[in-house]
Amino acid sequence: MPSILVYVLHYDGAFNKNSLGAVSEGAKLASAIGGECHAIVVGDKAGLSDELCASLGGYGATKVFRAEGPEGLAQPVVDAMAQVIRAGGHGYALFGGGLLGFEIGAGLAARLDAGVAMEITAVRAEGSKLIAERPILGDSAISEIHYKGDLGIIISRLNAFEIRETGGGAAAVEDVAVEYSPWSTKATMVQRGEQRGEQVNIEDADVLVAGGRGLGKAEGFQLCEDLAGALGGAVAATRAVVDAGWYSYSAQIGQTGKSVAPKLYLAAGISGAIQHKVGMQNSENIVAINKDANAPIFEFSDLGIVGDLNKILPKLTEAVKAKKGG
Ligand SMILES: Cc1cc2nc3c(=O)[nH]c(=O)nc-3n(C[C@H](O)[C@H](O)[C@H](O)COP(=O)(O)OP(=O)(O)OC[C@H]3O[C@@H](n4cnc5c(N)ncnc54)[C@H](O)[C@@H]3O)c2cc1C
């Protein structure tokens, strides 16, 4: 029966959110097709304790392959996954999205001559096969991807899968000695930085305060930063403003930027163009502030505020701070 191998990204003593969602989904799908869900982690063994790796059993993984290698680089993970899949005969490799997931998944597809589908928002089982669903045509339709061959690679949109604790016991941890290709070890991680927000990574943040051209100028982002700071969230942006140099490209949400799914996405001075929408529409709650009552963003907002963001954002920040006691 085909098993599923899920790549799990680890950093600083914890697994990232979308990886845990991918393990949860992998476990659900594996049980539907009669296989097992295995996870693979690559990193410095000192940071990947037996206990930490085994904790993936709580999300449904039955086995965790642990490979000593550079953390956060794609090619070494491609080597490790290819080796594990060749030996284990896994039918599917699953990734929870993110730039690294895209890069590893594409590399793995090339290495093992496998079919690959990206930006997947749902997967279902039919018999012993998986079928992936990918939104197309600006998310107005869904295409179904069926896999031929021995291995199918599924790369989801970021945070497309819900994290579910199964209450399962510890997963078995198996060390893998990977034979890295000479080119895989040429790149080294020089520095790793978080993308905006003092303690919050934009892709993992529960709250995002996003700013658009309605902020008027680069300095307008201070209003978003103040509110994000009060809410304990991070700041995001539209392409129009990052192209204008008002904010960092790493904060761009949308078709040519990142896809996010926070609990709260507050859009200030953003019109709601389709290319922006595709990157944030999976947010649990969307709140929009726009002075134009006919702005498209109101069509997919849970709460809309028609008004001037220069007046509303500082008041919101004040109110949040007051509620939190300063
Ligand atoms: C191939 C392609 C790819 C693209 N990829 C992306 C992408 O990844 N991400 C992305 O975001 N865009 C992308 N775009 C651009 C996209 O089409 C829009 O141009 C862009 O999203 C608009 O950004 P905006 O909402 O900040 O600006 P605008 O569309 O100019 O909207 C500004 C809004 O601010 C409101 N406003 C103005 N002043 C105030 C005020 N004082 N208070 C409250 N509201 C105010 C206005 O009413 C308006 O609705 C892409 C475009 C193309 C062609």
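Order of listing sets the numbers, starting from 1, for every ligand and every atom in it. Quick note: numbers below take in every heavy atom, side chains included, and nothing from hydrogens, waters or symmetry partners.
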- prompt: Can a protein heavy atom be found under 4.0 Å away from atom 19 (O) of ligand 1?
  reply: no

To the nearest 0.1 Å, how far is [atom] from its closest protein heavy atom, and which atom is that?
| atom | answer |
| --- | --- |
| atom 27 (O) of ligand 1 | R213 CB, 3.5 Å |
| atom 7 (C) of ligand 1 | Q252 NE2, 3.2 Å |
| atom 42 (N) of ligand 1 | L309 N, 3.0 Å |
| atom 5 (N) of ligand 1 | T256 OG1, 2.7 Å |
| atom 24 (P) of ligand 1 | T238 OG1, 3.7 Å |
| atom 2 (C) of ligand 1 | R239 NH1, 3.7 Å |
| atom 21 (O) of ligand 1 | A273 CB, 3.8 Å |
| atom 48 (C) of ligand 1 | N290 ND2, 3.7 Å |

query: Around D175, counting heavy atoms of other residues, nucleotides and ligands shown, do more than 12 lie under 6.0 Å from its CG?
result: yes

task: Run down the list A237, G269, G307, G272 and name the one with the heavy atom closest to atom 34 (O) of ligand 1.
output: G269

- prompt: Which option out of K311, K258, Q275 puts a heavy atom nearest to atom 53 (C) of ligand 1?
  reply: Q275

query: Taking all non-hydrogen atoms of both residues, which atom of S143 and which atom of I136 are closest, and how far apart?
result: OG-CG2, 3.8 Å

field: H276 to I253 - nearest heavy-atom pair and separation
entry: ND1-O, 3.2 Å

For ligand 1, which atoms have a heavy atom of [X] less than 4.0 angstrom away?
| X | value |
| --- | --- |
| D308 | 40 (C), 41 (N), 42 (N) |
| G212 | 26 (O) |
| D292 | 47 (O) |
| S271 | 25 (O), 28 (P), 29 (O), 31 (O), 33 (C), 49 (O) |
| K291 | 37 (C), 38 (N), 39 (C), 40 (C), 43 (C), 44 (N), 45 (C) |
| G214 | 32 (C), 34 (O), 36 (N), 37 (C), 38 (N), 39 (C), 40 (C), 41 (N), 45 (C) |
| Q255 | 7 (C), 8 (O) |
| G254 | 7 (C), 8 (O), 9 (N) |

query: Would F15 end up clustered with I104 when hydrophobic side chains under 4.5 Å apart are linked, directly or stepwise?
result: no

[X] with [Y]: basic N within carboxylate O range, under 4.0 Å:
| X | Y | result |
| --- | --- | --- |
| E144 | R124 | yes |
| K45 | E68 | no |
| K263 | D206 | yes |
| E25 | R164 | yes |
| E36 | K63 | no |

- prompt: Between I253 and ligand 1, is there a nitrogen or oxygen pair with a distance under 3.5 Å?
  reply: yes

field: Polar atom proximity, A295 to ligand 1 (N or O, under 3.5 Å)
entry: no

field: Sub-4.5 Å side-chain heavy-atom contact between H90 and V84
entry: yes

message: Which residue in the set L94, I155, L100 passes side-chain contact (heavy atoms from CB on, under 4.5 Å) when paired with Y7?
response: L100

4.0 Å heavy-atom contact, G279 with ligand 1: no

message: Test of understanding: with ring pair (Phe, Tyr, Trp, His ring centres under 6.0 Å), list the residues that count as partners of F102, not counting sequence neighbours.
response: none

message: Strictly by ring-ring contact (aromatic ring centres under 6.0 Å, His included), give each pair with a member in residues 39-83 just once, sequence neighbours left out.
response: H38-F65

